[in-house]
Structure formats: structure tokens, C-alpha cells
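Accompanying notes for the structure given below.
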Amino acid sequence: MKPFLQSLLELWRHLGLNQRVSLVLATLAVIGVATGLVLWSRQPDYQLLYGRLSDKDTAAIVTMLQSQNIPHQISPGGGSIYVPAEQVHRLRMDLAGKGLPSGDGVGFEIFDKGQFGLSDFVQRTNYTRAIQGELARTIAQLDGVVHARVMIVQPENRLLLTDQGSKTTASVFIELSSPRIEPEAVNSIRHLVANSVQGLSVDDVAVVDQRGRVLSADLKEDPTLGNATSLIRYRQQVEEYFARKVESMLLPVVGAGNAVVRVSAEIDNEAATTTEERFDPASAVIRSQTDTEDVTSSTETRRSGGAVGVAANTPDSPTPTPTEASPTVTNSQNRKNHTLAYEINRTTSSVKHNPGTIKSLTAAIFVAARAPATGTAASTPRTQEEIDRLRRIVLNALGIKGAAGQNLDDVVSVQETPFQAPVADAIAEKTQTDTRVQGWVEAGVRYLAVAIALVAFFLFYRLLRNQRPEPVPVELLNPAAQAGGRGASPAAFTPDMLNELIRQKPANVGTALRDWVATKNN
């Protein structure tokens with residue numbers, strides 16, 4: 001070990017100032033890189049414990065971690081906490097046992113502890129608070145929603161109802177991470193809240209964001225299409241349905257991404273009820289028929305003579321004997337009555353027209369040009385017959401029947417045109433390229449320190465290799481020569497002097513011997 005140190009010291013003495021500075025800087029660089037690698041390898045791998053936390057939950061979790069002396073990191077926004085990877089699952093179980101994170105508000109854990117002596121009003125209030133808290137936590141889990149609050153208003157239960165018009169309503173406040181949210185997400189929030197509260201209708205749920213926009217105003221159902229928003233939404237649904245229907249017919253023929261379909265629908269938004277009553281005198285029918293026949297027959301006998309006066313009319317008086325025959329008169333009467341009642345044919349119809357009837361449909365279709373065949377540079381355009389065949393397919397898919405004298409080109413327009421490079425493919429390619437570059441950058445950063453250390457070690461090695469000691473002639477070390485005698489003979493150089501020279505300057509002696517041997521051989 002000592003000869004090695006002596007050789008290094010000897011080498012250091014023969015180096016110039018610039019060489020010494022370069023050697024010191026290279027040594028410091030290697031030491032710094034090695035130290036950085038050691039520290040970086042010993043640094044713990046932090047992973048996400050919980051994200052999107054409220055300030056209250058963040059403070060509680062940080063306090064718990066500090067009490068257990070667990071290293072942790074907090075994101076700049078304060079909503080995420082990172083801990084060493086090997087402790088993530090254990091800490092989540094420990095925090096869950098302590099009810100953390102609790103989220104904003106309270107949930108059904110409010111009933112975990114028994115509370116006696118509470119009134120019915122307090123119990124109903126706690127139940128409403130629990131539902132509001134659970135709904136807020138659930139809504140906050142949606143993509144794009146950072147924070148949510150739910151307020152539910154239910155009519156008071158009374159034995160005698162005084163206000164029949166009161167109903168359950170709810171309002172939801174959401175804080176978005178992006179400027180806008182999809183209507184499907186808003187509609188899911190409305191249905192989630194409506195199906196969680198008894199007696200709550202979907203249209204009675206209002207959703208508001210942090211910018212003061214009522215997101216649920218355009219989603220209320222309007223069966224009569226009375227407002228413009230409902231009519232536009234219904235028209236969009238109809239047009240999208242027919243566009244998808246036509247596109248599904250064309251894609252197997254022209255290929256995916258080679259057709260653009262737009263359908264325009266004319267919607268009747270008027271609601272009317274028509275009542276019609278018709279009479280048809282020509283189709284009269286017998287309603288009733290009555291036949292009546294009266295036959296009357298009467299016989300009258302007339303008497304002649306007899307007593308006249310009171311005695312003749314007395315019941316007990318004897319009946320006088322007629323003196324001659326009495327005449328007889330017979331009356332007979334026959335009467336027939338025939339009655340017919342006719343009814344005029346009457347037709348009464350009531351027709352109710354609801355809005356939403358499709359008056360007409362038109363379609364505009366762009367079809368991409370055919371791809372060039374193998375071995376050709378240009379594509380072959382479609383013939384007019386092929387374009388007409390595609391038009392008939394679209395007409396049948398839309399259910400349009402051409403009237404007499406109607407130009408079908410005005411109803412369905414089909415044009416063939418070359419398409420530009422799809423924007424989606426360009427975006428996907430750019431995203432893929434960015435992802436690949438990002439992966440390279442991450443890999444480069446990961447191995448940069450190792451590369452720097454290897455480069456520094458290689459430079460240091462090259463520097464040591466190039467710093468050869470200058471050859472020193474053996475004659476200069478001759479004591480006689482050092483005494484100043486130029487004419488002294490080199491034969492005075494003894495083995496003891498050579499041994500002393502090797503002991504003092506082995507590197508110079510080795511170099512001198514190699515040069516001397518090379519000179520002798522030449």
C-alpha cells in the first residue's frame with residue numbers, strides 16, 4: 001500500500017497546474033455523483049395514501065402520521081398525502097378503523113352511537129343529514145367533481161295536511177375540476193339523488209356548479225315540448241338516431257371512417273285536439289217501427305112503449321110487458337196506425353295530435369374516395385350508378401318514399417370527396433409520441449446519474465493513462481555527471497546507484513529503461 005501511495009505522490013509532483021485542477025475536479029465530480037446515487041437509492045418510494053381530501057381530513061390524517069413518526073409528503077394543493085409504499089395498505093386500514101377520511105359532512109355513522117331521549121324531530125333531522133352526507137360523498141367520486149354538497153327539503157309530516165301542493169325537493173352544489181361537465185353526468189346525479197329520497201322526482205332536483213350555472217335546467221322532461229330547449233334536445237336525439245342508423249349501413253360498404261352522415265329533421269311541435277261530427281242523410285236507417293190496429297164493435301137495442309114516470313123507474317115495480325118488438329142497432333169501427341222512425345247516420349271522431357311528429361327528413365353524406373389499388377398511384381372514382389345505389393340505401397334506411405315528381409337529390413345528397421388526415425389519428429399519434437418521449441425522458445433521468453458516473457470514471461481513467469512520466473536518462477542520475485564533469489565516463493554508474501535510483505524513482509527508471517531498450521533495438 002505504501003509504494004502505491006508513494007507512486008501517486010510522485011505522479012502528483014510531475015503534474016502541471018492545469019492537470020492537477022482537472023484531476024481534482026474529476027475526483028470531486030465522481031464523489032458527488034456516487035454520493036447522489038447512494039442518497040437517491042436510500043430515499044423511500046412514496047405512493048398516494050389518499051387524494052382529493054378536505055382540509056379537515058388532511059389535518060386529521062397528518063396529525064395521526066406525525067404522532068406515529070411516519071414520513072409523509074403533502075401535495076402543493078394540500079389535497080393529497082403520500083407515504084412510503086410499504087406502509088400504504090397498513091395505514092389505510094388503521095385510518096379506516098378511526099373513521100378517516102370522514103369526508104364532508106356526516107353520513108350514517110351518526111347513528112353508530114346510541115342516543116336516548118331524542119325527539120322525533122331530531123331523529124328525522126339526523127336521518128336527512130345522513131342521507132345528504134352519503135349522497136355528497138358518492139357524487140364527489142365522479143370524474144370531474146372535486147367537491148359536492150346536497151340539500152334536501154321534505155315537507156313536514158302532519159296529521160292534517162293544510163298545503164296539498166308541498167313536495168320534496170333537492171339541490172346539489174358541485175365544484176368541478178374542469179370548465180364543463182357532460183350532460184350525462186349531470187343527469188346521473190339527478191337520478192342518483194331522486195332514487196335515494198322517497199317521494200322525490202327527477203325534475204325536482206337542481207344541480208348547480210361553482211360558477212353559478214344551473215346545469216339541470218336543460219334536462220327537465222317536457223312531454224309536450226313546450227319550451228325551445230326541450231324541442232331542440234328532442235330534435236338532436238332524432239337526428240343522431242337516424243345519423244347512426246345510416247352510418248351503420250354505410251360503414252360495411254365504404255369502410256370505417258370513410259363516411260360522414262348528417263341528418264336534418266323537421267319536427268312538428270304543435271299540440272292540437274280535433275273533434276269532428278259527420279251526418280250522412282243518404283244512409284238513413286230505420287230506428288223504430290210501430291204498427292197499431294184498433295177494432296171497435298158496439299150493439300144498441302132500442303125499446304118502444306111502456307110506462308112513463310116514476311113508477312116505471314122504480315126497481316120494485318113490475319116490468320111491463322112490451323107490446324111490440326124492440327129495434328137493435330150495431331156499430332163497428334176498425335182503425336190501423338203504422339209509424340216508422342228513421343235515424344240519420346252520424347260519425348263523431350276526436351283526434352289528439354301530440355308534438356314530436358316528424359314532418360320531413362333530409363340527409364347530407366360525404367363518402368371518402370377509394371383507396372388507390374395496389375400498384376397504382378391514383379384512386380378510381382365511383383360511378384354515378386354506385387352513388388345512386390348508396391342514395392337508395394340511405395333512402396330505405398330513413399324510410400323516405402319519393403313522391404311523384406320529387407327530386408331525390410334534394411332529399412339525400414351523396415358526394416364523394418377525398419378526406420383529410422383524421423384529426424383523431426393525428427392526436428392519437430401525437431399522444432403516443434409524447435408518451436414514448438416521456439418514457440424515454442423518465443428512463444434517461446433514472447439512468448443519468450449512472451451515466452455521469454461512468455463518464456467521469458472514464459475521463460479520470462483516460463487522464464491517468466495519458467499522464468505518463470517524462471523519461472529521465474540514467475546518465476543524469478550519475479553522481480559524476482551531477483558533479484559537473486562533462487567528460488566523465490558513464491562506466492562509473494554502479495549497481496548500487498541503480499538500486500538507489502529504483503528505490504527513489506521507480507516510474508522514471510522504468511520509463512528510461514524502456515526507452516533505452518527500444519533505442520538499442522532500433
Side-chain angles (χ1 to χ4, degrees), residues 1-48 69-76 82-88 434-479 481-482 493 495-522:
M1 187 67 183
K2 187 175 180 181
F4 177 73
L5 294 178
Q6 290 179 354
S7 62
L8 289 180
L9 292 176
E10 190 66 23
L11 177 62
W12 179 261
R13 294 191 187 97
H14 287 81
L15 293 178
L17 180 61
N18 295 334
Q19 294 174 346
R20 292 181 180 182
V21 172
S22 301
L23 184 60
V24 170
L25 292 178
T27 305
L28 293 178
V30 171
I31 295 174
V33 171
T35 305
L37 288 175
V38 172
L39 296 178
W40 176 72
S41 61
R42 297 183 61 182
Q43 186 178 6
D45 182 18
Y46 284 90
Q47 291 187 2
L48 179 65
N69 295 326
I70 298 176
H72 59 276
Q73 294 179 354
I74 304 176
S75 63
Y82 297 86
V83 295
E86 64 275 5
Q87 300 184 11
V88 171
D434 294 342
T435 304
R436 186 164 55 250
V437 171
Q438 184 179 1
W440 292 345
V441 171
E442 292 178 356
V445 171
R446 183 178 306 173
Y447 298 105
L448 180 61
V450 178
I452 293 175
L454 293 177
V455 170
F457 179 77
F458 178 75
L459 294 176
F460 182 70
Y461 174 76
R462 290 290 301 273
L463 183 62
L464 292 178
R465 184 178 180 182
N466 294 332
Q467 296 300 323
R468 295 181 178 180
E470 298 179 357
V472 179
V474 180
E475 292 79 359
L476 297 178
L477 301 178
N478 191 349
Q482 293 178 359
F493 190 78
D496 295 336
M497 296 176 59
L498 181 60
N499 292 333
E500 184 65 23
L501 179 63
I502 292 174
R503 187 168 50 256
Q504 293 179 0
K505 296 182 179 181
N508 292 344
V509 173
T511 302
L513 290 177
R514 281 196 302 269
D515 294 344
W516 178 69
V517 172
T519 303
K520 291 295 183 179
N521 292 333
N522 293 333

Completion exercise
Closest non-hydrogen atoms of Tyr82 and Tyr46, given as atom of the first, atom of the second and distance, are O-CD2, 3.7 Å
Practice task
For Pro71 and Pro84, work out which heavy atoms get closest and say how close.
Solution key: O-CD, 3.2 Å
Problem - Over all atoms of both residues, closest heavy-atom pair of Val83 and Val88 - result: CG2-CG2, 3.7 Å
Handout entry: Gap between atom CD of Gln47 and atom CD of Gln87 - 0.5 Å precision
Key = 11.5 Å
Practice task
Sequence neighbours left out, what passes side-chain contact (heavy atoms from CB on, under 4.5 Å) with Leu28? Give chain and number order.
Solution key: Val24
